[in-house]
Amino acid sequence: MVDAEVPDGARDCVRSLRGELDTVEHGTVYVKVTYETPSLDRASGCTDTQQVTATVQLREPLGSRKVMVNSMDVYTPVGADDSPVLRQCGENGCDPTPPRCTSSSHRQAVNDTDIPEHTSWEERGCDDTWLVLDLSTRMGPACGDPGDGCPSSSVAQRWFYQAEPSGWQPAATNGDAGCTGIHKILPELPEHLCASLPQLARR
């Protein structure tokens, strides 16, 4: 069985829901979920969405292969809570990098943070459980074209991440110097990761 997002509303918005095997290649099972709906007619009231489950008959056991539904969402049986439940994969794939104090692991943390694209980062501290990054997002020239006497501006935020099996997860933000401010939010954060933090200011 696979999940799919379909129209929803006050009336019966989905008819003839069915799941079918499309093809199997390169270790992935491709599945199509089809249905009939009047949602293109706004008067139908089918303007919301809901998750539904469709049954798909495979020719052989799934094993460890991934499942792609409607060429969009990808699922994997690996790491799912209970078989035959499938785990939905995220932006970093089905097997995200474990949290490490490395540049590639930091990049994954930044990608999982709700911030604008093209944000740069500076590591402020890292251990097996915690990561502290200063993230800087350019906001364009502060005055005319950038050049002599006309610097570009940026907005900086300090993010604190905690290690989870799926990678670094955002835990809090705080721009105060030292540990006092962040310890009000994350009292368990080790002293050595915040004691020397400078005040974060807009540049």
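- Counting heavy atoms from C-beta on, the side chains of Arg15 and Pro38 come closer than 4.5 Å.
- Tyr35 has its side chain within reach of Pro7: a pair of non-hydrogen atoms, C-beta onward, lies under 4.5 Å apart.
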Tell me, with the steps shown, if Leu21 and Leu58 meet side-chain contact (heavy atoms from CB on, under 4.5 Å).
CA-CA 7 Å; Leu21 175 66; Leu58 303 181; 4.1 Å; yes
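- Within the 4.5 Å cutoff, the side chain of Asp73 has no heavy atoms near those of the Val2 side chain.
- Atom CG in Asp8 sits 6.0 Å away from atom CG in Asp48 (nearest 0.5 Å).
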Using side-chain contact (heavy atoms from CB on, under 4.5 Å), reason through Gln169 and Gln162 one step at a time and then give a plain yes or no.
CA-CA 5 Å; Gln169 297 300 311; Gln162 189 166 15; 5.5 Å; no
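- Taking the side chain as every heavy atom from C-beta outward, Glu20 and Val56 never approach each other to under 4.5 Å.
- In this structure, Leu86 is a member of the same hydrophobic cluster as Leu17, with clusters built from ILVMFWY side-chain heavy atoms closer than 4.5 Å.
- Closest of all the heavy-atom pairs between Asp127 and Cys101 is O-SG, 3.5 Å.
- To the nearest 0.5 Å, the span separating CZ on Arg87 from OH on Tyr75 amounts to 12.0 Å.
- To the nearest 0.5 Å, atom CG of residue Leu189 and atom SG of residue Cys179 are 6.5 Å apart.
- In this model, a donor atom of one side chain and an acceptor atom of the other lie less than 3.5 Å apart for Asp3 and Thr53.
- Looking only at side-chain heavy atoms (C-beta outward), Arg158 and Val132 come within less than 4.5 Å of each other.
- Inter-residue side-chain proximity for Val67 and Thr28 is flagged as unmet; no heavy-atom pair is nearer than 4.5 Å.
- In this structure, NE2 on His106 lies 12.0 Å from CD on Glu122, to the nearest 0.5 angstrom.
- Grouping the Ile, Leu, Val, Met, Phe, Trp and Tyr side chains by contacts below 4.5 angstrom, directly or via other members, places Leu135 apart from Leu197.
- Annotation for Val74: hydrophobic cluster partners, listed by chain and number, are Tyr30, Met68 (ILVMFWY side-chain heavy atoms under 4.5 Å, direct or chained).
- Nearest heavy-atom pair across Ala171 and Leu186 is CB-CD1, 4.1 Å.
- Trp121 and Leu193 fall into different hydrophobic clusters, where Ile, Leu, Val, Met, Phe, Trp and Tyr side chains are chained together by heavy-atom contacts under 4.5 Å.
- At least one donor-acceptor pair closer than 3.5 Å links the side chain of Asn174 to the backbone N or O of Asp176.
- Summarising the geometry, atom NE2 belonging to His183 is positioned 5.5 Å from atom CD belonging to Glu191; distances are rounded to the nearest 0.5 Å.
- By the 4.5 Å heavy-atom criterion applied to side chains, Val33 and Arg18 are not counted as neighbours.
- Here the closest non-hydrogen pair linking Ser39 and Cys46 is CB-O, 3.6 Å.
- Between Pro77 and Gly63 the shortest heavy-atom distance is CG-O, 3.2 Å.
- The one candidate from Thr113, Thr137, Asn111 that meets the side-chain hydrogen bond (donor to acceptor under 3.5 Å, both in side chains) condition with Thr119 is Thr137.
- Hydrophobic clustering (ILVMFWY, side-chain heavy atoms < 4.5 Å, transitive): Phe160 and Leu133 are in distinct clusters.
- Asp128 contributes atom CG, which lies 8.0 Å from atom CZ of Arg100 (distance to the nearest 0.5 angstrom).
- Inspection of the Trp168 and Ser105 side chains reveals an N or O donor paired with an N or O acceptor under 3.5 Å.
- Open room surrounds CD on Gln57; 12 or fewer heavy atoms of other groups in view lie less than 6.0 Å from it.
- Looking only at side-chain heavy atoms (C-beta outward), Glu5 and Gln51 come within less than 4.5 Å of each other.
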Checking Trp159 against Ile115 for the side-chain contact (heavy atoms from CB on, under 4.5 Å) test, could you report, in this order, the C-alpha distance in whole Å, the side-chain angles of both residues, the deciding distance, and whether it holds?
CA-CA 11 Å; Trp159 284 81; Ile115 54 172; 4.2 Å; yes
